[in-house]
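Note: hydrogens, waters and symmetry copies are ignored here, and every other heavy atom, side chains too, is used. Every number for a ligand or one of its atoms is a count from 1 in the order of the listing. These numbers were taken from a predicted model, which means no experiment stands behind them.
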Amino acid sequence: MLDESIQELASGYLARIASVQTPAELETIRIEAAGRKGALAEISKGMGKLDPEERKRIGQVLNAAKTQIQTALDGRKGEFDEKALRERLDAEWVDLTLPAPGPRRGHLHPITRIQRELEELFISLGFTVLDGPEVETEYHNFDALNIPPDHPARDMQDTFWLDGGKLLLRTHTSPVQVRGMERLGPPLRMIAPGRVFRNESVDASHEHTFYQLEGMMIDRDVSVAHLLYFMKTLLTAIFKREVTVRLRPGYFPFVEPGFELDIQCLICGGPGCPVCKQSGWVELLPCGLVNPNVLRMSGIDPEEWNGFAFGLGLTRLVMMRYAIDDIRQLQGGDLRFLEQF
Ligand code: PHE
């Protein structure tokens with residue numbers, strides 16, 4: 001009798017084990033059937049009451065049932081484990097034969113690009129490209145450009161002084177004019193692109209760090225007509241279209257006469273915006289004929305030679321060409337901005 005009910009119990013469990021769908025269901029059945037407090041364990045506990053013959057027989061039936069159930073449990077568990085492993089392998093599969101993506105390609109900053117275009121243009125016009133130090137002497141940045149220590153023009157360029165004076169971060173690229181004259185002498189055709197620094201508060205149109213491109217030509221009988229020819233050639237090459245310009249008198253101690261060449265704002269086209277400070281015009285090209293004092297200080301005889309000089313605002317030019325309305329973008333390093341070029 002007892003052995004029959006053991007077999008019935010066992011085949012009930014075996015059927016449930018066979019039809020189980022998840023590892024959790026299987027675990028529930030394992031506890032119910034083969035756990036320490038499970039159905040088979042309960043029967044084992046009651047065996048003590050049986051007489052020895054009966055106990056031996058029932059014991060065998062019970063053990064056979066236990067083995068069957070355990071085998072069935074192990075079998076299903078193996079199935080589930082294998083399925084889980086296969087799913088994991090599928091999910092983690094990597095195609096090792098695919099080509100690697102490699103490093104992402106960068107590109108030149110818009111300022112560098114315009115700088116290089118201008119270098120090519122001026123090289124084609126017979127100019128040399130010169131470089132100068134960003135940490136300059138007071139002499140090259142000011143004195144040799146006809147700006148002596150007490151001259152009010154020094155206040156126009158808020159200066160980062162270094163080392164308690166004498167050395168500074170150059171406030172313009174004009175000191176390279178001086179270095180060019182000292183090193184190469186006349187006749188001279190040179191440009192000097194580079195980074196300059198001013199101790200200013202930063203807003204949409206002012207940065208403490210920006211780029212200029214200096215130009216200088218020294219020869220015999222150079223006139224304002226030559227200056228204008230080169231300035232117009234430069235602007236046409238950059239903007240590849242007609243730009244409206246105006247010439248105003250401008251004061252720089254190292255040129256005489258001096259001019260401010262403005263272009264009509266290409267961002268707003270005239271009515272006014274933050275870049276042109278609501279004026280419709282953007283100061284782009286201060287220029288003039290080289291002051292004889294400057295030539296003399298660099299050892300050039302102003303009776304024999306004269307010339308023109310200009311200081312193009314490269315940063316501003318880039319802003320005009322690409323319609324960038326905030327100068328802070330250019331040095332900000334934000335890839336979302338840079339990737340647009
Ligand atoms: N160096 C001047 C500045 O930065 C610009 C300039 C250069 C003016 C050459 C005239 C001639 O303000």
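Counting heavy atoms under 4.0 Å from ligand 1, residue Phe254 touches it through the side chain alone.
Some N or O of Arg198 is nearer than 3.5 Å to an N or O of ligand 1, by distance alone. Checking only distances, Gln177 never comes within under 3.5 Å of ligand 1, N or O to N or O. Considering backbone and side-chain atoms alike, Thr171 places every N or O at 3.5 Å or more from each N or O of ligand 1.
For atom 5 (C) of ligand 1, the nearest protein heavy atom (residue, atom name, distance) is Pro286 CG, 3.5 Å. At the shortest separation from atom 12 (O) of ligand 1 among protein heavy atoms lies Gln157 NE2, 3.5 Å.
Defined by atom type and a distance below 3.5 Å, a donor-acceptor pair is missing between the side-chain atoms of Asn199 and Thr159. There is no side-chain donor-acceptor pair under 3.5 Å between Thr112 and His109. Of the N and O atoms on the side chains of Glu214 and Ser174, at least one donor lies less than 3.5 Å from an acceptor on the other residue. Looking at His107 and Glu339, their side chains never bring a donor and an acceptor atom within 3.5 Å of each other.
The number of heavy atoms from other shown groups lying within 6.0 Å of CD (Glu120) does not exceed 12. Counting heavy-atom neighbours within 6.0 Å of Asp74 CG, excluding the residue itself, gives a total above 12.
Residue contact annotation: Ala309 has a non-hydrogen atom under 4.0 Å from ligand 1. The closest approach between Met216 and ligand 1 stays at or above 4.0 Å for every heavy atom of the residue.
Of all atoms in ligand 1, listed by their number and element, those nearer than 4.0 Å to a heavy atom of Glu214 are 7 (C), 9 (C).
A heavy-atom distance below 4.5 Å is found between the side chains of Val318 and Ile324.
Within the set Gly311, Gly313, Ala153, Ser174, the minimum heavy-atom distance to atom 1 (N) of ligand 1 is found for Ser174.
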